[in-house]
Number of protein chains: 2
Amino acid sequence: MDIEKWKLQSRKGLIELLLLNLINQKKSIYGLEIIEFLAEAGLDLSEGTLYPLLTRLTKEGTLKPKWVTENTSGHPRKYYELTAAGKNALHSMNDHWQQMIVVFDSVKG
Amino acid sequence: MDIEKWKLQSRKGLIELLLLNLINQKKSIYGLEIIEFLAEAGLDLSEGTLYPLLTRLTKEGTLKPKWVTENTSGHPRKYYELTAAGKNALHSMNDHWQQMIVVFDSVKG
DNA sequence: AATTATACCTTGCAATACAAGGTAATATTG
DNA sequence: CAATATTACCTTGTATTGCAAGGTATAATT
């Protein structure tokens, strides 16, 4: 059995939950900063995964982006924050996640 | 944002982990019994999800099925057990899962 | 003989993670 | 002052899975 394939699949959806919780914690954060933070936390997230996800969440009204040009950096950065709807969504997702943990405990006997 | 869509996606891969842990706990269990158990634990799993998954895991050498005809039931039942390779795989998966919990805690900070 | 109950299986669609490759703005170097 | 490097964001195509819907099979009951 291919564990790597499973690892890939188990990330689906979960990454979205991790991302929203991170943005909620940081209040405001930009793309590469997210990748750096998660890498240090032990999760390698590629740009090809992150950027389409940020775009989708923005279109869905979960995130609100803001372009910022800073002195410390070259290219402008796109900072993301949760919208009010995004905070509600995150709350529902965390609730659902807690339920999954309960199911998890029951199968672990 | 569509929470239901997220719920669907977040199940990917995770269901495989739950299933293998359940079979490990029960030692031997058949299809509809799995669905019943998980339903009581709060997780609705459809047959269209379960059976293809059991078939794949058998092909991959993770599970070993055994047909059993019992007095108490009409149609014969196909009982599944973990193979030795399956137990190793489950161990790796649970390890990886623990790492994800750690990442999770760091974003909830 | 027909119906019901239990149980397993298959097909086609929708959705996401990611490798690979691309674009853009600014800073640095020869 | 070009050329290169750095930082940052974006797009396309592929592989994989969850599941609704519909199907098949065995045995008991009516």
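Chain letters run A, B, ... following the sequence lines, proteins first and then strands; every chain starts at 1. Below, all heavy atoms of this structure are taken into account, side chains as well, without hydrogens, waters or symmetry copies.
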Upstream residue (5' side of DNA chain D) when A:Leu54 and B:Gly13 are each assigned their closest nucleotide =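 Nearest nucleotide further toward 5': that of A:Leu54.
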Residues from residues 32-50 of chain B lying under 4.0 Å of DNA chain D - heavy atoms |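 B:Leu45, B:Ser46, B:Gly48, B:Thr49, in order of number.
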Rounded to the nearest angstrom, tell me the gap between atom [atom1] in [X] and atom [atom2] in [N].
X        : N      : atom1 : atom2 : value
B:His75  : C:dT6  : NE2   : P     : 13 Å
A:Tyr51  : C:dT16 : OH    : C1'   : 19 Å
A:Leu19  : C:dA17 : CG    : C1'   : 13 Å
A:Trp6   : D:dG18 : CH2   : C1'   : 16 Å
A:Leu14  : C:dC18 : CG    : P     : 11 Å
A:Leu17  : C:dT16 : CG    : P     : 15 Å
A:Met100 : D:dG18 : CE    : P     : 11 Å
B:Lys59  : C:dC9  : NZ    : P     : 11 Å

Proximal nucleotide (of [options]) relative to the [X] side chain:
X       : options               : result
B:Gln9  : C:dA15, D:dC9, C:dA7  : C:dA15
B:Arg11 : C:dC9, C:dT16, D:dG18 : D:dG18
B:Leu8  : C:dC8, C:dT16, D:dC19 : D:dC19

To the nearest 0.5 Å, tell me how far [X] [atom1] sits from [Y] [atom2].
X       : Y        : atom1 : atom2 : result
B:Tyr80 : B:Ile34  : OH    : CD1   : 8.0 Å
B:Lys26 : B:Glu81  : NZ    : CD    : 14.0 Å
B:Asn21 : A:Phe104 : CG    : CZ    : 5.0 Å
A:Leu18 : B:Lys108 : CG    : NZ    : 10.0 Å
B:Asn94 : B:Asn24  : CG    : CG    : 8.5 Å

Could you pull out all residues at least two apart from A:Ser46 that satisfy side chain to side chain donor-acceptor pair (under 3.5 Å)?
->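 Counting only residues at least two positions away or on another chain, A:Ser46 forms a side chain to side chain donor-acceptor pair (under 3.5 Å) with A:Thr49.
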Counting only side-chain N and O atoms of A:Arg77, is one of them less than 4.0 Å from OP1 or OP2 of D:dC9?
->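 For A:Arg77, the contact criterion (side-chain N or O under 4.0 Å from OP1 or OP2 of D:dC9) is not met.
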So, is A:Tyr30 close to the D:dA8 phosphate, meaning a side-chain N or O under 4.0 Å from OP1 or OP2?
->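 So the side chain of A:Tyr30 is within the cut-off, an N or O lying under 4.0 Å from OP1 or OP2 of D:dA8.
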Under 3.5 Å donor-acceptor pair, B:Lys12 side-chain atoms to D:dT16 base atoms =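 By the distance-only test, no, there is no pair.
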Classify the nucleic acid contact of A:Lys78 as base, sugar-phosphate or nothing, counting any heavy atom under 4.0 Å across all strands shown.
->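 Sugar-phosphate, no base atom in range.
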Reckon A:Ile15 touches a base, only the sugar-phosphate, or nothing at all at heavy-atom distances under 4.0 Å?
->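 A:Ile15: backbone/sugar contact only, no base atoms under 4.0 Å.
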B:Arg56/B:Glu16 ion pair, N-O < 4.0 Å |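 Answer for the salt bridge query: yes.
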